[in-house]
> 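Mind looking over this structure? Questions follow.
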Amino acid sequence: MQRVSYGMPQLIELNSVEENVRLCSQLGLDFIELNCNLPSCQPETMNVHYLNLLKGQYGVEFTLHLPEDLDLGHFNRHVREAHLKVLEEAIGVADRLGCKILNIHMNPGIHFTLPTEKIELYGKYQQQYLSNIKSSLELIDIWLGGTGVHISIENTGLLHRPHIQTAVNQLLKSGRFCLTWDVGHDYISSHADREFMLNHRSSIKHIHLHDAKERNDHLELYTGEVDLNEKLQIASENQASVLIEVKTKESLIHSVAKLKEKHIFK
């Protein structure tokens, strides 16, 4: 049975991808999640040949975190097509890099604030939103084709909304989407997405592991109040990849050491 793989995020304090790759290798981690929000990791300009050379030199794999403003359901066709073009290019990069996971956020869309309530447009105009999601999925299925890439939907406190749940269920049924459980986001959203995630437990294939306390997340592991061991158990059950999503080199080194002390990571 394949063991759980552990990785690190692309750290902004390091000046190059190679510095990140070198640290990943030194810590004995398996992969880096390259962040497509960064100017150096835009899918249309990423140097795949160079990244594959780094993979071979250091024995490190990659996953990709897609830009957080991607919107598969946008009402404006031209805007939606632009977002889909970014996704198409990212799928091409992932395929050539041998990436298994593209991490994506569901976009909440625009809301109108009234004196007594907030109205989310994707909820009010749910039929059009879901129709756009379906159209996007038809293209994404073509682009994924025979690749081994899966698009993993991250919980960001939105999955309790009925229209978002319907959209995510529609995507999961395709067989080309799975779920990322970000455990820190889960905590600071007062577990808004927990029920949905546990109801789709077998679909969790990627975990963003960091600790949290009060309103602060991305804390060093075992310094907050998140039940990390529960999430690691799910990772073991599903052979999910685990991203240690702390944001500094120091916190990453300490977090890896703690996992080793607990004999979770060797």
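Reckoned from all heavy atoms, side chains included, excluding hydrogens, waters and symmetry mates. Position 1 is the first residue of the sequence, and the numbers go up from there.
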> Using only atom types and a distance under 3.5 Å, with no angle test, would you say the side chain of Asp95 pairs donor to acceptor with the backbone of Ile91?
no

> So, the side chain of Arg194 versus the backbone of Ser190: is there a donor-acceptor pair under 3.5 Å, distance only?
no

> Checking Asp69 against His83 for the side chain to side chain donor-acceptor pair (under 3.5 Å) test, could you report, in this order, the C-alpha distance in whole Å, the side-chain angles of both residues, the deciding distance, and whether it holds?
CA-CA 8 Å; Asp69 56 355; His83 289 177; 5.3 Å; no

> Go through the steps for Thr63 and Glu33 under the test side chain to side chain donor-acceptor pair (under 3.5 Å), then give the verdict.
CA-CA 5 Å; Thr63 59; Glu33 188 145 290; 2.7 Å; yes

> Could you give me the CA-CA distance, side-chain angles and deciding distance for Gln10 and Asn35, then say whether side chain to side chain donor-acceptor pair (under 3.5 Å) is met?
CA-CA 6 Å; Gln10 186 174 2; Asn35 196 312; over 6 Å; no

> Can you name the closest pair of heavy atoms from Asp186 and Asn155 and give their distance?
N-ND2, 3.7 Å

> Taking Asp211 for its side chain and Glu225 for its backbone only, find out whether a donor-acceptor pair lies under 3.5 Å.
yes

> More than 12 non-hydrogen atoms from neighbouring residues, nucleotides or ligands closer than 6.0 Å to NZ on Lys258, yes or no?
yes

> Got a sec: does the CD of Glu250 have more than 12 other heavy atoms crowding it under 6.0 Å?
no

> Just by modelled atom types, is the Ser131 backbone N or O under 3.5 Å from a matching donor or acceptor in the Ser135 side chain?
yes

> Taking the side chain as every heavy atom from C-beta outward, state whether Leu29 and Val60 have any pair of such atoms under 4.5 Å apart.
no

> Closest heavy-atom contact between Ile234 and Arg201?
CG1-NH2, 3.4 Å

> Pair Leu259, Ile244 - check side chain to side chain contact (heavy atoms under 4.5 Å, CB included), show working.
CA-CA 10 Å; Leu259 290 175; Ile244 305 170; 3.7 Å; yes

> Would you say the side chain of Leu243 lies within less than 4.5 Å of the side chain of Phe31, judging by non-hydrogen atoms?
yes

> Using atom types as modelled and distance alone, determine if a side-chain donor or acceptor of Ser152 lies under 3.5 Å from a backbone N or O of Thr180.
yes

> Evaluate Val256 against Tyr6 for side chain to side chain contact (heavy atoms under 4.5 Å, CB included), listing each step before the verdict.
CA-CA 9 Å; Val256 169; Tyr6 289 87; over 6 Å; no

> Could you go through Leu87 and Leu139, starting from their C-alpha distance and side-chain angles, then the distance that decides it, and tell me whether this counts as side chain to side chain contact (heavy atoms under 4.5 Å, CB included)?
CA-CA 10 Å; Leu87 180 53; Leu139 290 172; over 6 Å; no

> Can you confirm if the aromatic rings of His105 and His65 lie within a centre distance of less than 6.0 Å?
yes

> State, to 0.1 Å, how close Asp30 and Ser5 come at their nearest heavy-atom pair, and which atoms those are.
OD2-CA, 3.3 Å

> Is Leu232 close to Asn229 at the side-chain level, that is, under 4.5 Å between some pair of heavy atoms?
yes

> Are His150 and Lys100 close enough that some pair of their side-chain heavy atoms sits under 4.5 Å apart?
no

> Give the C-alpha distance, both sets of side-chain angles, the deciding distance and a yes or no for side chain to side chain contact (heavy atoms under 4.5 Å, CB included) between Cys178 and His206.
CA-CA 8 Å; Cys178 55; His206 195 48; 5.8 Å; no

> How close do Val149 and Ala94 get, counting heavy atoms only, and between which atoms?
CG2-CB, 3.9 Å

> Just do the side chain to side chain donor-acceptor pair (under 3.5 Å) check on Asp227 and Tyr187 with the steps written out, would you?
CA-CA 9 Å; Asp227 186 351; Tyr187 179 90; over 6 Å; no

> Atom NZ in Lys205, atom CD1 in Ile153: separation rounded to 0.5 Å?
14.0 Å

> Is Phe62 reachable from Val48 through a run of I, L, V, M, F, W or Y residues, each pair having side-chain heavy atoms under 4.5 Å apart?
yes

> Quick one: does any side-chain atom of Glu120 pair with a main-chain N or O of Ile110 as donor and acceptor, under 3.5 Å?
no

> Within this structure, what is the NE2-CD distance for the pair His254 and Glu220, rounded to the nearest 0.5 Å?
6.0 Å

> Report yes or no: does Ser255 contribute a side-chain atom to a donor-acceptor pair with the main-chain N or O of Leu221 at less than 3.5 Å?
yes

> Heavy atoms, side chains only, cut-off 4.5 Å: are Asp217 and His210 in contact?
yes

> Treating Ile, Leu, Val, Met, Phe, Trp and Tyr as nodes and any side-chain heavy-atom pair under 4.5 angstrom as an edge, say whether Leu34 and Ile101 lie in one connected cluster.
no

> In terms of ring plane angle, is the pair His200 and Phe196 parallel, tilted or perpendicular, where the classes change at 30° and 60°?
parallel

> How far does CD of Glu195 sit from NE2 of His160, to the nearest 0.5 angstrom?
11.5 Å

> Is it true that, when you exclude Leu198 itself, more than 12 heavy atoms of the residues, nucleotides or ligands shown sit nearer than 6.0 Å to its CG?
yes

> Looking at every non-hydrogen atom in both residues, tell me the closest pair between Ser136 and Leu84 and how far apart they are.
OG-CD1, 3.6 Å

> Got a second to check how far Met8's CE is from Leu252's CG, nearest 0.5 Å?
5.5 Å

> Test of understanding: clusters of I, L, V, M, F, W, Y form through side-chain heavy atoms closer than 4.5 Å, transitively. Do Leu11 and Leu38 belong to the same one?
no

> Any side-chain heavy atom of Arg176 sitting closer than 4.5 Å to one from Ile151?
no

> Can you tell me how far the CD atom of Glu154 sits from the CD atom of Glu68, to the nearest 0.5 Å?
7.5 Å

> Quick one: are Glu81 and His74 in side-chain contact, heavy atoms under 4.5 Å?
no

> Charged N to carboxylate O below 4.0 Å: is that the case for Glu19 and Arg22?
no

> Under 3.5 Å, sequence neighbours excluded: what are the donor-acceptor pairs made by side chains of residues 122-129?
{"from": "Tyr122", "atom 1": "OH", "to": "Asp71", "atom 2": "OD1", "distance (Å)": "3.3"}
{"from": "Tyr122", "atom 1": "OH", "to": "Asp71", "atom 2": "OD2", "distance (Å)": "2.5"}
{"from": "Gln128", "atom 1": "NE2", "to": "Asn132", "atom 2": "OD1", "distance (Å)": "2.9"}

> Quick one: OG on Ser40 to CG on Asn47, what's the gap to the nearest 0.5 Å?
11.5 Å

> Is Trp143 close to Glu89 at the side-chain level, that is, under 4.5 Å between some pair of heavy atoms?
no

> Say whether Leu219 and Val246 are linked into one hydrophobic cluster, either directly or through other cluster members, by side-chain heavy-atom distances under 4.5 angstrom.
no

> Using the rule that Ile, Leu, Val, Met, Phe, Trp and Tyr join whenever any side-chain heavy atoms are under 4.5 Å apart, tell me whether Ile253 and Ile32 fall into a single cluster.
yes

> Determine the minimum heavy-atom distance between Leu209 and Val183, stating which atoms define it.
CA-CG2, 4.0 Å

